[in-house]
Asker: 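So that we are looking at the same thing, I have put the structure below in structure tokens.
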Amino acid sequence: MIDVGVLGATGAVGQRFVQLLEDHPWFNLQTLTASERSAGKPYGRVVNWRLDAPYPDNVSDIVVTPTTVESLKDCDLVFSALPPEVATSLETEIADAGIAVCSNARSHRMDSDVPLVIPEVNPDHLGLIDVQRDRGRDGFIVTNPNCSTIVFVLALAPLRAFEFHDAHVATMQAISGAGFAGIPAMEIYDNVVPYIGSEEEKMETETLKIMGKFDGSEVKPAPFRVSASCHRVPVIDGHTMAVWVDVKEPVAEVKKAYATFKPPFSNLPLQPAKTIELFDQPDRPQPRLDRNRGRGMTVSVGRVRDGLRFVALGHNTIRGAAGASVLNAELIHSRNYL
Ligand SMILES: NC(=O)C1=CN([C@@H]2O[C@H](COP(=O)(O)OP(=O)(O)OC[C@H]3O[C@@H](n4cnc5c(N)ncnc54)[C@H](OP(=O)(O)O)[C@@H]3O)[C@@H](O)[C@H]2O)C=CC1
Ligand SMILES: N[C@@H](CC(=O)OP(=O)(O)O)C(=O)O
């Protein structure tokens, strides 16, 4: 078993990590960190559990530690759900101290030697771990993309079989994406907010890094253009998005590409039976009905029409955050990087 910790374990994404790591066959959850506000107290006393999944009792007595390198000395790997302001320096320190970091935070995603990985799309980018090691780092940082970007890129991945130059996306993002304290009820109830700070820029840049080519030393961004418009909607979990891509192939060919899409691995504990669920019904996918498919790890695609136009949906705190990081760690372990 690999000894692991969760950084920022009391937050929206941290709680998802705790949920997904309960009874994990490869990872033994033994350290939980948070801010000084929570440190020194048992997790069961400081966490305000808000997930629609049962609270895992086996973590109640773990005493929350402050987020320092010293408190992680028994961990081989940590999952980071820290706010970006603290993740930037802490994740660097932790990786330099010889610990593997799988991070959700945006801080290091675009660093040239840090892999930004979706296992089904660009597993070869893990080669950047060797680039970090070659420059003398004992541990490493691997990141997963922004929650909307993950859903978008998984929906684009089967289209790599065709030629395209332009992708446009309009998101409808759940409020859990803003964290527990993120958006007041008075702002989002009976409303749509057509702005999520720096989300559009992240979708437009991260997509090209993930779908870019790794040449053994660096990633060359993919050559197509992405244009994003991001909106907050009154949904608890599940980011939905309308997508337009200039693929010219007939819809039947595109649907075949979705229906036959398979990941380049078959043995990771959190991988869903289906990476992509393709719908033919005219009114699917919908967040309430489809976000928990494949334990929250399946991306749903529907309304595939000429143009090419379609709708994609994924669970933002599972496939878009904690689940993405755990799947990355499983890939990393299966490729003997730990
Ligand atoms: N929510 C989502 O869908 C997604 C979030 N992310 C990213 O994941 C990260 C976490 O987001 P989220 O869970 O929503 O945030 P929350 O605000 O819900 O949780 C933040 C966590 O970090 C801890 N923390 C806060 N300040 C410090 C500090 N100075 N030192 C150590 N720990 C600290 C908090 O501990 P305490 O309880 O003690 O304050 C808490 O555990 C962010 O980087 C976010 O951008 C990424 C993708 C999607
Ligand atoms: N901004 C995302 C959540 C998030 O924290 O994204 P990032 O990890 O890229 O900062 C949302 O609002 O739904």
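Atoms within each ligand, like the ligands themselves, are counted from 1 in listed order. Please read these numbers as outputs of a predicted model, since none were measured by experiment. What's counted below: heavy atoms across the whole structure, side chains too, no hydrogens, waters or symmetry copies.
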Asker: Show me which atoms of ligand 1 lie under 4.0 Å from any heavy atom of Thr67.
Answerer: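 Answer, ordered by atom number: 31 (C), 32 (N).
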Asker: Which atoms of ligand 1 sit under 4.0 Å from any heavy atom of Ser38?
Answerer: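 Close to Ser38: 36 (P), 37 (O), 38 (O).
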Asker: When only distance counts, is Leu90 in polar contact with ligand 1, meaning an N/O pair under 3.5 Å?
Answerer: no
Asker: Indicate, as side chain, backbone, both or neither, the part of Leu82 found under 4.0 angstrom from ligand 1 when only non-hydrogen atoms are considered.
Answerer: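 Answer for Leu82: both.
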Asker: Quiz question for you: does at least one protein heavy atom lie closer than 4.0 Å to atom 48 (C) of ligand 1?
Answerer: yes
Asker: Under the criterion side-chain hydrogen bond (donor to acceptor under 3.5 Å, both in side chains), which of Thr317, Asn316, Asn104 is the partner of Arg16?
Answerer: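 Only one option passes, and that is Thr317.
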Asker: Mark yes or no for whether Thr298, through its side chain, and Ile276, through its backbone, hold a donor-acceptor pair below 3.5 Å.
Answerer: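 No, Thr298 side chain to Ile276 backbone: no donor-acceptor pair under 3.5 Å.
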Asker: Can you name the atoms of ligand 1, numbered from 1 with element, that are less than 4.0 Å from a heavy atom of Val86?
Answerer: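 Atoms satisfying the 4.0 Å criterion: 28 (C), 29 (N).
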Asker: Do Leu159 and Tyr258 have side chains that get closer than 4.5 Å, going by heavy atoms?
Answerer: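 Leu159 vs Tyr258: side chains touch.
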Asker: Closer than 4.0 Å to some heavy atom of Gly177 - which atoms of ligand 1 meet that?
Answerer: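 With Gly177 as reference, the close atoms of ligand 1 come out as 1 (N), 2 (C), 3 (O).
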Asker: In ligand 2, which numbered atoms sit nearer than 4.0 Å to a non-hydrogen atom of His239?
Answerer: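 In order of numbering, the contacting atoms are 13 (O).
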Asker: Just jot down the ligand 1 atoms closer than 4.0 angstrom to any heavy atom of Ala105, in number order.
Answerer: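 In order of numbering, the contacting atoms are 43 (O).
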Asker: Determine whether Thr275 and Arg319 make a side-chain contact, defined as any pair of heavy atoms from C-beta on separated by less than 4.5 Å.
Answerer: yes
Asker: Answer yes or no: does an N/O atom from Val13 fall short of 3.5 Å to an N/O atom of ligand 1?
Answerer: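 There is such a contact, yes.
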Asker: Is it the case that over 12 heavy atoms from other parts of the model lie below 6.0 angstrom from the NZ atom of Lys255?
Answerer: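 Atom NZ in Lys255 is packed in, count exceeds 12.
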Asker: Among all the protein's non-hydrogen atoms, which is closest to atom 45 (O) of ligand 1, and how far away is it?
Answerer: Arg106 NH2, 4.0 Å
Asker: Do Val245 and Phe310 touch side chain to side chain, with heavy atoms closer than 4.5 Å?
Answerer: yes
Asker: Which label fits His24 and Phe27: parallel for a plane angle under 30°, tilted from 30 to 60°, or perpendicular past 60°?
Answerer: parallel
Asker: Of the backbone atoms (N, CA, C, O) and the side-chain heavy atoms from C-beta on, which set of Thr10 has a member under 4.0 Å from an atom of ligand 1: side chain, backbone, both, or neither?
Answerer: both
Asker: Looking only at side chains, do Glu91 and Ser107 share a donor and an acceptor under 3.5 Å apart?
Answerer: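 Judged by distance alone, the side chains do not pair up.
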Asker: Would you call Glu201 and Arg109 a salt bridge, using N to O less than 4.0 angstrom?
Answerer: no
Asker: Quick test: of every protein heavy atom, which one is nearest to atom 23 (C) of ligand 1, and how far off is it to 0.1 Å?
Answerer: Gly8 CA, 4.0 Å
Asker: Under 4.0 Å between a side-chain nitrogen and a carboxylate oxygen: does that hold for Glu206 and Lys209?
Answerer: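 Salt bridge absent between Glu206 and Lys209.
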Asker: Answer yes or no: is there a side-chain heavy-atom contact under 4.5 Å between Thr240 and Val233?
Answerer: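 They are not in contact (no side-chain heavy atoms under 4.5 Å apart), so the answer is no.
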Asker: Please indicate, with yes or no, if any protein heavy atom is found under 4.0 Å from atom 17 (O) of ligand 1?
Answerer: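 When distances to the protein are checked, atom 17 (O) of ligand 1 has no heavy atom within 4.0 Å.
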Asker: What are the two closest heavy atoms between Gly238 and Leu313, and how far apart are they?
Answerer: C-CD1, 4.2 Å
Asker: With distance as the sole test, does Glu199 use its side chain to make a donor-acceptor pair with the main-chain N or O of Tyr195 at under 3.5 Å?
Answerer: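 Absent.
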Asker: For atom 26 (N) of ligand 1, which candidate among Ser107, Pro83, Ala9, Gly179 provides the closest heavy atom?
Answerer: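 Looking at heavy atoms only, the winner is Pro83.
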Asker: Can a donor-acceptor pair be found, under 3.5 Å and without considering hydrogens, that links the side chain of Thr33 to the backbone of Pro66?
Answerer: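 No, the answer is negative, given that no donor and acceptor are paired below the 3.5 Å cut-off.
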Asker: Side chain of Glu330, backbone of Leu270: donor and acceptor closer than 3.5 Å?
Answerer: yes
Asker: Any side-chain to backbone donor/acceptor pair from Arg303 onto Arg284? Under 3.5 Å, distance only.
Answerer: no
Asker: Can you tell me which residue among Val6, Val18, Leu21 is in a side-chain contact (heavy atoms from CB on, under 4.5 Å) with Val59?
Answerer: Val18
Asker: Can you list the atoms of ligand 1 that are under 4.0 Å from a heavy atom of Asn316?
Answerer: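 Under 4.0 Å from Asn316, ligand 1 has these atoms: 3 (O).
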Asker: Tell me which protein heavy atom sits closest to atom 27 (C) of ligand 1, plus the residue, atom name and distance to 0.1 Å.
Answerer: Ser35 CB, 3.7 Å
Asker: Please identify which atoms of ligand 1 are closer than 4.0 Å to at least one heavy atom of Cys147.
Answerer: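 Atoms satisfying the 4.0 Å criterion: 48 (C).
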Asker: Can you list the atoms of ligand 1 that are under 4.0 Å from a heavy atom of Ala81?
Answerer: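 Heavy-atom distances to Ala81 below 4.0 Å select 9 (C), 10 (C), 21 (C), 22 (O).
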Asker: Can you say whether the rings of Tyr55 and Trp49 are parallel (under 30°), tilted (30 to 60°) or perpendicular (over 60°)?
Answerer: perpendicular
Asker: Just which atoms of ligand 2 are under 4.0 Å from any heavy atom in Lys202?
Answerer: 6 (O), 7 (P), 9 (O), 10 (O)
Asker: Which atoms of ligand 2 have any heavy atom of Asn104 under 4.0 Å away?
Answerer: 8 (O)
Asker: I need the nearest protein heavy-atom contact for atom 6 (O) of ligand 2: residue, atom name and distance, please.
Answerer: Asn146 ND2, 3.3 Å
Asker: Give yes if a backbone or side-chain nitrogen or oxygen of Gly320 is under 3.5 Å from a nitrogen or oxygen of ligand 1, and no if not.
Answerer: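 No; the residue has no nitrogen or oxygen that sits under 3.5 Å from a nitrogen or oxygen of the ligand.
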Asker: With the threshold set at under 4.0 angstrom, would you say Ile196 reaches ligand 2 through any of its heavy atoms?
Answerer: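 It does; at least one heavy atom falls under 4.0 Å.
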Asker: Do the side chain of Ser80 and the main chain of Cys102 share a donor and acceptor less than 3.5 angstrom apart?
Answerer: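 Not confirmed, Ser80 side chain does not pair with Cys102 backbone.
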Asker: Among all protein heavy atoms in this structure, tell me which lies nearest to atom 3 (C) of ligand 2, with the distance rounded to 0.1 Å.
Answerer: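 Residue, atom and distance for the closest contact: Gly177 O, 3.0 Å.
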Asker: Please state which option from Ala12, Ser176, Ala87 has its nearest heavy atom closest to atom 1 (N) of ligand 1.
Answerer: Ser176
Asker: Taking atom 32 (N) of ligand 1 as the point of reference, which of Ala34, Gly182, Ala181, Gly14 owns the nearest heavy atom?
Answerer: Ala34
Asker: Numbering the atoms of ligand 2 from 1, which are under 4.0 Å from a heavy atom of Cys147?
Answerer: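 Ligand 2 atoms under the 4.0 Å threshold to Cys147: 2 (C), 3 (C), 11 (C), 13 (O).
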Asker: Using a strict 4.0 Å cut-off to heavy atoms of Arg106, name the atoms of ligand 2 that fall inside it.
Answerer: 10 (O)
Asker: Do any nitrogen or oxygen atoms of Arg37 lie less than 3.5 angstrom from nitrogen or oxygen atoms of ligand 1?
Answerer: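 Yes, there is a polar N/O contact under 3.5 Å.
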Asker: Atom 12 (O) of ligand 2: which of Arg232, Met203, Gln173 has the nearest heavy atom?
Answerer: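 Nearest heavy atom to atom 12 (O) of ligand 2 lies in Arg232.
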Asker: Looking at every non-hydrogen atom in both residues, tell me the closest pair between Thr65 and Ala39 and how far apart they are.
Answerer: C-CB, 3.9 Å
Asker: Give the residue and atom name of whichever protein heavy atom lies nearest to atom 19 (O) of ligand 1, and the separation in Å to one decimal.
Answerer: Gly11 CA, 3.2 Å
Asker: For atom 1 (N) of ligand 2, what is the closest protein heavy atom, and at what distance to 0.1 Å?
Answerer: Glu199 OE1, 2.7 Å
Asker: Just distances here: any N/O of Asn104 and N/O of ligand 1 closer than 3.5 Å?
Answerer: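 No; the residue has no nitrogen or oxygen that sits under 3.5 Å from a nitrogen or oxygen of the ligand.
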Asker: With atoms numbered from 1 as shown, which atoms in ligand 2 lie under 4.0 angstrom from a non-hydrogen atom of Arg109?
Answerer: 7 (P), 8 (O), 9 (O)
